[in-house]
Engineer: 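A single structure is presented below for examination.
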Amino acid sequence: MRRSICFTEPTAAIAGERKTWRFIVTPSVSLPKGTLLKFDIGSRGRIIDWEVPQTASKNNANMIWAEIEGGKTLTPKAVEIPNSIVPHFEFVLPSEVSAGRKITIFMGTPHVEKEAKLGNLTQLTIQRRRPFYLYIDPTGKRQYTDPEIFSVDIKGNELHTIRILAPSIAVKNKRFDVILRFEDRFGNLTNNAPEDTLIEFTHENLRDSLKWRLFLPETGFIALPNLYFNEPGVYSILLKNLKSGQEFRSGPIKCFATETKNLFWGTLHGESERFDSGENIENCLRHFRDEKSMNFFGCSVPESAEETSNETWKKICEQITEFDEDDRFCALLGQQFCGDPSSEGLRVMIYNKDERPILRRKDARCSTLKKAYKLFSPKELISIPSFSMSNSHPFDFSDFTPEHERVAEIYNAWGCSERTAKEGNLFPIRSPSKKGVQETAEGSLLKALIKNRRFGFVAGGLDDRSIFGALYDTEQKQYPPGLTGVLCDRLTRQNIFDALYNRHCYATTGERIVVGLFLAGSPMGTELSTGTKPGLHINRHLSGFVAGTAPLKKVELVRNGEVIQTFHSETNFLDFAYDDMIDLTKASIKAPETGMLFAFYYLRVIQADGHMAWSSPIWVDCLPKPPKKVAVKPPVKTKDVRVVKKALPSFDDEDDDEEEKDEEEEEDDDDADDEDDF
């Protein structure tokens, strides 16, 4: 049949607004008695989604009903939908509705004066032409065809925050760009602010005469190009709303005097609360790139065919290739691999190339991790042990493959796997329910490091898939999504992958804390040896810096699991140096399998607001000292004896003359005897 006329009142909404919404349909043909109308609000039931209305309410709050022009009021029936926690709402027409007669579906409250309190809540995310679907079945047999579509534009709420997107590392007199995002309290771009709102822009060491004043743009964001710093140091950009007096600061920017590695932020294991990476990978990538302002993102969909079909994997591969763009955004193809607990645990696998086949445990070629590793060279696949301290899927690092397992996940939104709560873990894996997931010391990363398992640190984000699916709607303790910082020259996939392989990376609990650690000038992730640097036997010179997003509570230098030095700062930044002067043979620990002596160092940062960061370790192998060489004195130079004899007589010459005379006398005596014999 011909399309009906569909429109909404109002036609636009504000994110997080409560109101009564009207969806009005004028059918193009007459609808007989018993016609079914099924209304789908298009919600997934999440907190950020459009609120699901009720069919009945004692105080008439958040209700759904329908009215026929000049006719009766209709109450719908909630119809359960397979694989959905949100029902559809089905109305039955009690009489014929002629063509051109209006049918209005309401969501909210009949009390107009109380709709701001009792109305229906819009979704918390902005969206252009947000659809609602109405299915019409004139037969009354639930033989629904293509739906009629309503749409509402969801705009940003009032200005709440100005987010400043700037590089974390800069070089003296080298220009860079800054992007300002004007956001509501839900993180949406907005221009909803008074017309006379002015924003003042400044930063440390900026002359007063150069302060900028900015208007709020219609787009909700603005780019400020070609900024630079004249001197090395730690900076933060400050914005002040001259209308409200609010101030907003950027994350720390560490400025160096000379060229250095760039610091890029992203996640290799995480999911968007707004967009499912399996169902809508394109919007998910766009969300992390544009709204979360990440430099790189690793797809980490589950390997099971039930959650990631072959068709879904194909679409993911295509979009990862499409979004990967040098110097803008690095998209990495990856997946989760859930192996046997303890021996294999959970892995997040990151591929270096596009169009890789998904590894499924049901496939005989990759039914175990060992088989899966044989399909790739070490420079093609990085396998990241994750959530290793959970008692549901622990991994004790006994069967460790250093060629592929170059980094390990020390933190994600479900807890930290560095050490146990008794040992000082501030983000333990825990649940008040006995059915929840608890921590187990078996998978401690610190214990693995003491066993001479060598890996860098990365952080994961929030995940509600695979083994984490049962945790999301329970009492399981949840923390902020983590971030991984990667140090490399350029933002390209190859550079990011190589930096992860070389362990030039570190983890945070979600804040962009700038961290640097060096031992004898070598960066985090490095393996050193006294064979090439004998001086390390005597002294290990450690240096570094921290620039936090909040005042620093303490910065701990850890050697072999023990804190050997604690640094304090009254500000949010710190430069430090420390000489570990204990003889390396005494400071080392023994590898249980090889007996080799070694030591490892890493940095643990704790801010006053509770956020943390962990640098990747640096290792020093203690080889036996070479035996001391006995110093041999060089021979004393003397004059030529023959020359001396000619120049000066010696007592030895006189003795020789006397011996010659005695021999001549003996010969004369012998001759005389011979004569007597004749």
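We count residues from 1, following the sequence as given. The model shown is predicted, which means the values in this text are computed figures rather than measured ones.
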Engineer: Go through the steps for Asn425 and Glu439 under the test side-chain hydrogen bond (donor to acceptor under 3.5 Å, both in side chains), then give the verdict.
Structural biologist: CA-CA 11 Å; Asn425 190 347; Glu439 70 175 13; 4.5 Å; no

Engineer: Assess whether atom CD of Glu113 is packed by more than 12 heavy atoms of other residues, nucleotides or ligands within 6.0 Å.
Structural biologist: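 Yes, enclosed.
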
Engineer: Check the pair Asp196 / Lys243 against salt bridge (Lys or Arg N to Asp or Glu O under 4.0 Å), numbers first and verdict last.
Structural biologist: CA-CA 7 Å; Asp196 56 348; Lys243 180 74 175 179; 2.9 Å; yes

Engineer: To check you understand the geometry: which heavy-atom pair defines the closest contact between Ser433 and Glu475, and what is its length?
Structural biologist: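 Shortest heavy-atom separation between Ser433 and Glu475 comes out as CB-OE1, 4.1 Å.
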
Engineer: So with a 6.0 Å cut-off around NZ of Lys38, is the heavy-atom count from everything else above 12?
Structural biologist: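 Yes, NZ of Lys38 has more than 12 neighbouring heavy atoms, counting only those of other groups under 6.0 Å.
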
Engineer: How far apart are the closest heavy atoms of Asp177 and Pro225, and which atoms are they?
Structural biologist: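 So the two residues come closest at OD1-CA, 3.2 Å.
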
Engineer: How long is the gap from CD on Glu282 to CG on Asn280, to the nearest 0.5 Å?
Structural biologist: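 That separation rounds to 7.0 Å.
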
Engineer: Would you say the side chains of Asn412 and His269 form a donor-acceptor pair under 3.5 Å?
Structural biologist: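 Note: Asn412 and His269 side chains miss the donor-acceptor criterion.
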
Engineer: Can you give me the closest heavy-atom contact between Ile164 and Phe248, atom names plus distance?
Structural biologist: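 The pair with the smallest heavy-atom distance is CD1-O, 3.7 Å.
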
Engineer: Do Pro110 and Trp65 come close enough that some side-chain heavy atom pair is under 4.5 Å?
Structural biologist: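 Pro110 reaches Trp65 side chain to side chain.
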
Engineer: If you count the non-hydrogen atoms of other residues, nucleotides and ligands that lie under 6.0 Å from CZ in Phe215, is the total more than 12?
Structural biologist: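 12 or below, so no.
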
Engineer: Is a side-chain donor or acceptor of Asp137 paired with a backbone partner of Tyr144 at a separation under 3.5 angstrom?
Structural biologist: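 Not at all, since once roles are kept as given, no pair shorter than 3.5 Å links the two residues.
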
Engineer: Working note: Arg465 + Glu271, criterion salt bridge (Lys or Arg N to Asp or Glu O under 4.0 Å); need CA distance, chi angles, decisive distance, verdict.
Structural biologist: CA-CA 8 Å; Arg465 306 158 299 178; Glu271 177 73 322; 3.7 Å; yes

Engineer: Going by ring-ring contact (aromatic ring centres under 6.0 Å, His included), Tyr506 matches just one of Trp265, Tyr411, Trp614. Which one?
Structural biologist: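 Of Trp265, Tyr411, Trp614, ring-ring contact (aromatic ring centres under 6.0 Å, His included) with Tyr506 is met by Trp265 alone.
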
Engineer: Taking the side chain as every heavy atom from C-beta outward, state whether His611 and Thr549 have any atom pair closer than 4.5 Å.
Structural biologist: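 Heavy-atom side-chain distance check fails, nothing below 4.5 Å.
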
Engineer: Looking at Ala61, is its backbone amide N or carbonyl O close enough to the side chain of Ser57 to form a donor-acceptor pair, meaning the two atoms are under 3.5 Å apart?
Structural biologist: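 Looks like yes, one N/O pair under 3.5 Å.
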
Engineer: Angle between ring planes, Phe201 versus His203, binned at 30° and 60°: parallel, tilted or perpendicular?
Structural biologist: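 It falls in the perpendicular class, over 60°.
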
Engineer: Would you name the heavy atoms of Val25 and Phe150 that are closest together and state the gap between them?
Structural biologist: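 Closest approach of Val25 to Phe150: CB-CZ, 4.0 Å.
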
Engineer: Can you tell if the side chain of Ile68 reaches within under 4.5 Å of the side chain of Pro94, non-hydrogen atoms only?
Structural biologist: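 Answer yes - side chains close enough.
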
Engineer: Say whether, by atom type as modelled, one donor and one acceptor occur between the side chain of Glu200 and the main chain of Leu242 under 3.5 angstrom.
Structural biologist: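 Not at all, since once roles are kept as given, no pair shorter than 3.5 Å links the two residues.
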
Engineer: Do other residues, nucleotides or ligands put more than 12 heavy atoms under 6.0 Å from Glu318 CD?
Structural biologist: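 Enclosed.
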
Engineer: Under 3.5 Å, is there a donor-acceptor pair linking the side chains of Ser236 and Arg249?
Structural biologist: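 Arg249 and Ser236 do have a side-chain donor-acceptor pair below 3.5 Å.
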
Engineer: Parallel, tilted or perpendicular: which describes the rings of Trp414 and Tyr472, with under 30° parallel and over 60° perpendicular?
Structural biologist: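 Because their plane-to-plane angle is over 60°, the rings of Trp414 and Tyr472 count as perpendicular.
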
Engineer: Is the Phe323 ring parallel, tilted or perpendicular to the Phe329 ring (thresholds 30°, 60°)?
Structural biologist: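 Taking Phe329 first and then Phe323, their aromatic rings stand perpendicular (interplane angle over 60°).
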
Engineer: Please examine the side chains of Phe132 and Asp40, heavy atoms only from C-beta on, and report whether any two atoms are closer than 4.5 Å.
Structural biologist: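 No; the side chains remain at least 4.5 Å from each other.
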
Engineer: Would you sort out whether Ser466 and Glu307 count as a side-chain hydrogen bond (donor to acceptor under 3.5 Å, both in side chains), showing the intermediate values?
Structural biologist: CA-CA 8 Å; Ser466 186; Glu307 294 187 84; 4.6 Å; no

Engineer: Just wondering, do Arg101 and Leu31 contact through their side chains at under 4.5 Å, heavy atoms?
Structural biologist: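 Counting from C-beta outward, Leu31 and Arg101 never come under 4.5 Å.
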
Engineer: Determine whether more than 12 heavy atoms belonging to other residues, nucleotides or ligands lie under 6.0 Å from atom CZ of Phe221.
Structural biologist: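 Not more than 12 within 6.0 Å, no.
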
Engineer: Given side chains that start at C-beta, do those of Glu51 and Met107 come closer than 4.5 Å, heavy atoms only?
Structural biologist: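 Counting from C-beta outward, Glu51 and Met107 never come under 4.5 Å.
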
Engineer: Hey, are the side chains of Glu291 and Asn188 touching, using non-hydrogen atoms and a 4.5 Å cut-off?
Structural biologist: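 They are not in side-chain contact.
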
Engineer: Measuring only between side-chain heavy atoms, which start at C-beta, is Leu93 closer than 4.5 Å to Leu37?
Structural biologist: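 Heavy-atom side-chain distance check passes, below 4.5 Å.
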
Engineer: Test Phe468 against every option in His393, Gln476, Gln336 by the side-chain contact (heavy atoms from CB on, under 4.5 Å) rule and name the one that passes.
Structural biologist: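 So, applying the side-chain contact (heavy atoms from CB on, under 4.5 Å) to Phe468 and each of His393, Gln476, Gln336, only Gln336 qualifies.
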
Engineer: Could you go step by step and tell me if Ile105 and Phe89 meet the side chain to side chain contact (heavy atoms under 4.5 Å, CB included) rule?
Structural biologist: CA-CA 10 Å; Ile105 298 175; Phe89 299 93; over 6 Å; no

Engineer: Give a yes or no on this: more than 12 heavy atoms of other residues, nucleotides or ligands lie within 6.0 Å of atom CD of Glu322.
Structural biologist: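 Counting neighbours around CD of Glu322, 12 or fewer heavy atoms of other residues, nucleotides or ligands fall under 6.0 Å, so no.
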
Engineer: Give me the atom names and distance for the closest heavy-atom approach of Thr509 to Pro480.
Structural biologist: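 Heavy atoms only, the tightest pair is O-CB, 3.7 Å.
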
Engineer: With Phe39 as reference, evaluate Phe91, Tyr133, Phe23 under the ring-ring contact (aromatic ring centres under 6.0 Å, His included) test and give the passing residue.
Structural biologist: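 When Phe91, Tyr133, Phe23 are each tested with Phe39, the ring-ring contact (aromatic ring centres under 6.0 Å, His included) holds only for Phe23.
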
Engineer: Using the test ring-ring contact (aromatic ring centres under 6.0 Å, His included), find all partners of Phe288 that sit at least two apart in sequence or belong to another chain.
Structural biologist: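 Here the qualifying residues are Phe297.
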
